[in-house]
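Let me begin by presenting the structure, written as C-alpha cells, before commenting on it.
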Amino acid sequence: MATIRRRNTPLKDAIAHATRAIDKARELEVKYINSFKGRGLFAKVPYQKGDFIVEYRGELISSQESERRRGIYHSKCTVFMFDFCWKERMWCIDAAQEDDSLGRLVNDDHIYPNCKMKRVIAEGKPHLCLFALRDIKAGEEITYDYGGSDWPWRKQAKVQETASDTLSSEEVPQSPSPSKMQAKVQNTAADTMSSEEVPQSPSFSEMQAKTQETGADTLSSEEVPQSPSVSEMQAKTQETGANTLSSEEVPQSPSLSHMQAKTQETSADTLSSEEVPQSPSVSEVQAKTQETGADTLSSEEVPQSPSLSHMQRMWMYMRTMTVEQHVGQGHKRVWMYLTTASMGQHVSHKSVWLNVIRLKMARLH
Ligand SMILES: C[S@@+](CC[C@H](N)C(=O)[O-])C[C@H]1O[C@@H](n2cnc3c(N)ncnc32)[C@H](O)[C@@H]1O
C-alpha cells in the first residue's frame, strides 16, 4: 500500500489521499465493536487537532441517481449514502459498496466527536474528508457527529436503557423522526479555497437552513441558501477558522432519507425486523392511523406489513399494536409493534418511506 508523507497542511494531506483514493492504512484500523454499533475505525497512532484522518470515499453520484438508488437499495445500504450540497446542487457519496475504504466505517458520536466532516475539492471534484477536532490518542475510535438529533441508534440506546419488564406501552419511545432532525454543517476554510454552499440533505424536508459563522477571520463565507423544502429543521453552518485548511463544509449527516428508509430492530431477540419497501409513487396518500389493542391476539395473528400496493394507497402514519404471546405456564410475552411512516422532502418526489419498527417492549410474567 502506497503511503503519502504528511505534507504541509492537512488540506494538502487530504487532497493527496483523495486524489489517489488511498487511506492511511498504517495509521488506522477497523475493529468490530459490538452487535449494536458494528464495526468502527480506530486510530493506531496519535493525531493532532486539525489533521486529516480519512476520506468518506465512495461513488460520487447526482441527487437523481441517489434518489433512484434509494428506491432499490436495502436500508442497510442506504445508510451509507451521504448527501451533500456542492455548487448549489445536491450530490451524494454512495459508499454502500463494501470495499476496503475506511471512511465509510466511521461511527456517529454527537456528544464527543473527535472529527468533523468537511468538503474538500480535489481536481475539480468534491470529496468528504474527516479532520480531527482535537488531539486523538492511539487506540481511540474515530467518530464524528452525523448531525441531526434523531438518529435511530441514539433513540435505540434510550430504548435499551429504559426498556424493562415493567415498561408499559405508553412509555415506548417514539420512532425517530427524520423530519425533526437538524443538519449541522461546519465549514473550515482555507487559504486557497473559499467556502461554498453548505450542502443540504435533500430529505431535510422541514428544516430551516441557517448559517452560523464562527470566528473565521481569514475566510469568506457565503450565506447558505435556503433549501426549498426545509421548513422545520435547522441546518447550521458553522465556519471555524483554520489557518491552513482549505476545506469546505459538508453536512454532518450521511443523509436523512436513508434514515427514513431504515428499519430498526430494537431488543428483539426473537423477532427479526422487516423492511418495508419504499413506495415510489405515493402522491396523494392519506394519513391514517390504525390502532389495534390486541389483548387476545396471538403472535401468529399479527397482521403483516401491508403490501407495497396497499401502502401506495394509504399512508400509515402511525400504527401501534400490542400483541400478547402465551408462552405457557401462565406466562405471556407482550410485544409492541410500532409502525411509522415518515414523509419528508421526498413526498414532493412522490415517495413515502415506511419504517417498521418492532419493539419488544416487555415480557410480562
Ligand atoms: C456509516 S455506517 C458506520 C459503520 C458501521 N458501524 C458498520 O459496521 O458498517 C453507519 C451505521 O453504523 C451504525 N452506527 C453508527 N454510529 C453508531 C452509534 N453511535 N451507535 C450505534 N450504531 C452506530 C448504525 O447502524 C449506522 O447505520
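Read the numbers this way: they start at 1 and go in the same order the structure lists the ligands and their atoms. As the structure is a computational prediction, the values presented were derived from the model and not from experiment.
- With ligand atoms numbered from 1 in the order given, ligand 1 contributes 1 (C), 2 (S), 3 (C), 4 (C) to contacts under 4.0 Å with heavy atoms of Arg104.
- Interface of Val106 with ligand 1, defined as ligand atoms under 4.0 Å from a residue heavy atom, comprises 3 (C).
- In this structure, Cys129 and Lys118 have side chains that are not in contact, with every pair of non-hydrogen atoms separated by 4.5 Å or more.
- In this structure, Glu55 does not pair ionically with Lys125, as no charged nitrogen and carboxylate oxygen lie closer than 4.0 Å.
- Heavy atoms of Asp109 come nearer than 4.0 angstrom to ligand 1 in no pair at all.
- For the ligand labelled ligand 1, residue Trp151 lies outside the 4.0 Å heavy-atom shell.
- Side-chain contact check for Val106 versus Tyr144: some heavy-atom pair is nearer than 4.5 Å.
- Note on ligand 1: Thr143 sits outside its first shell, no heavy atom being nearer than 4.0 Å.
- Using a 4.0 Å cut-off to heavy atoms of Val79, the atoms of ligand 1 that qualify are 26 (C), 27 (O).
- Using a cut-off of 4.0 Å between Lys/Arg side-chain N and Asp/Glu carboxylate O, Arg57 and Asp99 are scored as not salt-bridged.
- With a 4.5 Å cut-off on side-chain heavy atoms, Ile93 and Pro126 do not count as touching.
- With sequence neighbours left out, the side-chain hydrogen bond (donor to acceptor under 3.5 Å, both in side chains) criterion links Glu141 to Lys37, Asn107.
- Between the choices Arg154, Arg39, Lys37, the shortest heavy-atom distance to atom 20 (N) of ligand 1 belongs to Lys37.
- Annotation for ligand 1: atoms under 4.0 Å from non-hydrogen atoms of Asn107 are 3 (C), 4 (C), 5 (C), 6 (N), 12 (O), 13 (C), 14 (N), 15 (C), 16 (N).
- Not a single N or O atom of Tyr56, backbone or side chain, sits closer than 3.5 Å to an N or O atom of ligand 1.
- Inter-residue side-chain proximity for Val45 and Lys24 is flagged as unmet; no heavy-atom pair is nearer than 4.5 Å.
- Checked against side-chain hydrogen bond (donor to acceptor under 3.5 Å, both in side chains), Gln64 has the following partners two or more places apart in sequence or in another chain: Ser62.
- Of all atoms in ligand 1, listed by their number and element, those nearer than 4.0 Å to a heavy atom of Gly38 are 8 (O).
- Near Phe80, with a cut-off below 4.0 Å to any heavy atom, the atoms of ligand 1 are 1 (C), 2 (S), 9 (O).
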